[in-house]
**Q** 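Sending over a structure as structure tokens; questions will come in a sec.
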Amino acid sequence: MDVVNCTACRKLFIRQSSDLCIDCIKKDHTDFEKVREFLRERRKVRTSPVDVEKAIGVKKENVLRYIKEGRLLISEISQMEIMCESCGKPSRDGTICAECRDTLRRDLAQAMLDSANPSKPRTYRT
Ligand SMILES: [Zn+2]
Ligand SMILES: [Zn+2]
């Protein structure tokens, strides 16, 4: 049996498939439904995760997480004003803009190459 701390409320619980305890899973689900409904109502209005937090009290971190986890439909977040976590520019499709994502991906690929072949000369493909 795997007893862990809930990542949301720090309560000890027996781990099943999630890092959240039953109470927090329930709350998370309710929050998610609230966010989804709110976004549906405001489909034509630019909305940022901060607006969501102000309006319905669901933390912007959670809103971002729903987006990251792909739980909200593209049509539901199409009017979302999301800032790139890395450079602060508006990003349409997630929490990191396309530019920063490219940079990240390149860095990651390079890091993997480096760890796979520590001594081999590098070849760059751009
Ligand atoms: Zn919890
Ligand atoms: Zn960026």
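Values below: every heavy atom of this structure, side chains too, minus hydrogens, waters and symmetry copies. Remember, it's 1-based here, ligands and their atoms both numbered in the order they're listed.
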**Q** Provide the closest heavy-atom pair for Lys60 versus Glu53 in the form atom of the first, atom of the second, distance.
**A**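 Closest approach of Lys60 to Glu53: N-OE1, 2.9 Å.
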**Q** Do you know the tightest heavy-atom contact between Arg71 and Arg36?
**A**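 Residues Arg71 and Arg36, closest heavy atoms: O-NH2, 3.7 Å.
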**Q** Give me the protein N, O or S atoms that fall under 2.8 Å of the Zn ion (ligand 2), sorted by chain and residue number.
**A**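 Less than 2.8 Å away from the Zn ion (ligand 2) sit Cys84 SG, Cys87 SG, Cys97 SG, Cys100 SG.
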**Q** What are the two closest non-hydrogen atoms of Ile25 and Leu20, and how far apart are they?
**A**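 Distance-wise, the nearest heavy atoms are CD1-O, 3.5 Å.
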**Q** Using a cut-off of 2.8 Å, how many protein N, O or S atoms sit around the Zn ion (ligand 1)?
**A**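 Protein heteroatoms (N, O, S) closer than 2.8 Å to the Zn ion (ligand 1) number 4.
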**Q** Distance from His29 atom NE2 to Glu33 atom CD, nearest 0.5 Å?
**A**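 With rounding to 0.5 Å, NE2 (His29) is 4.5 Å from CD (Glu33).
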**Q** Do Ile56 and Leu64 sit in one hydrophobic cluster, given that two such residues count as connected whenever their side-chain heavy atoms are within less than 4.5 Å of each other, even indirectly?
**A**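 Ile56 and Leu64: one cluster.
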**Q** For Val52 and Leu39, which heavy atoms make the closest approach, and how far apart are they?
**A**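 Of all heavy-atom pairs spanning Val52 and Leu39, the closest is CG2-CD2, 4.5 Å.
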**Q** Can you tell me if Asp102 uses its side chain to pair, donor with acceptor, with the backbone of Glu99 under 3.5 Å?
**A**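 It does not hold such a pair.
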**Q** Please check this pair: side chain of Thr47 against backbone of Val45, looking for a donor-acceptor N/O pair closer than 3.5 Å.
**A**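 Yes, Thr47 side chain to Val45 backbone: donor-acceptor pair under 3.5 Å.
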**Q** Is it the case that one hydrophobic cluster holds both Met1 and Phe13, taking links as side-chain heavy atoms less than 4.5 Å apart, direct or via other members?
**A**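 No, Met1 and Phe13 fall in different hydrophobic clusters.
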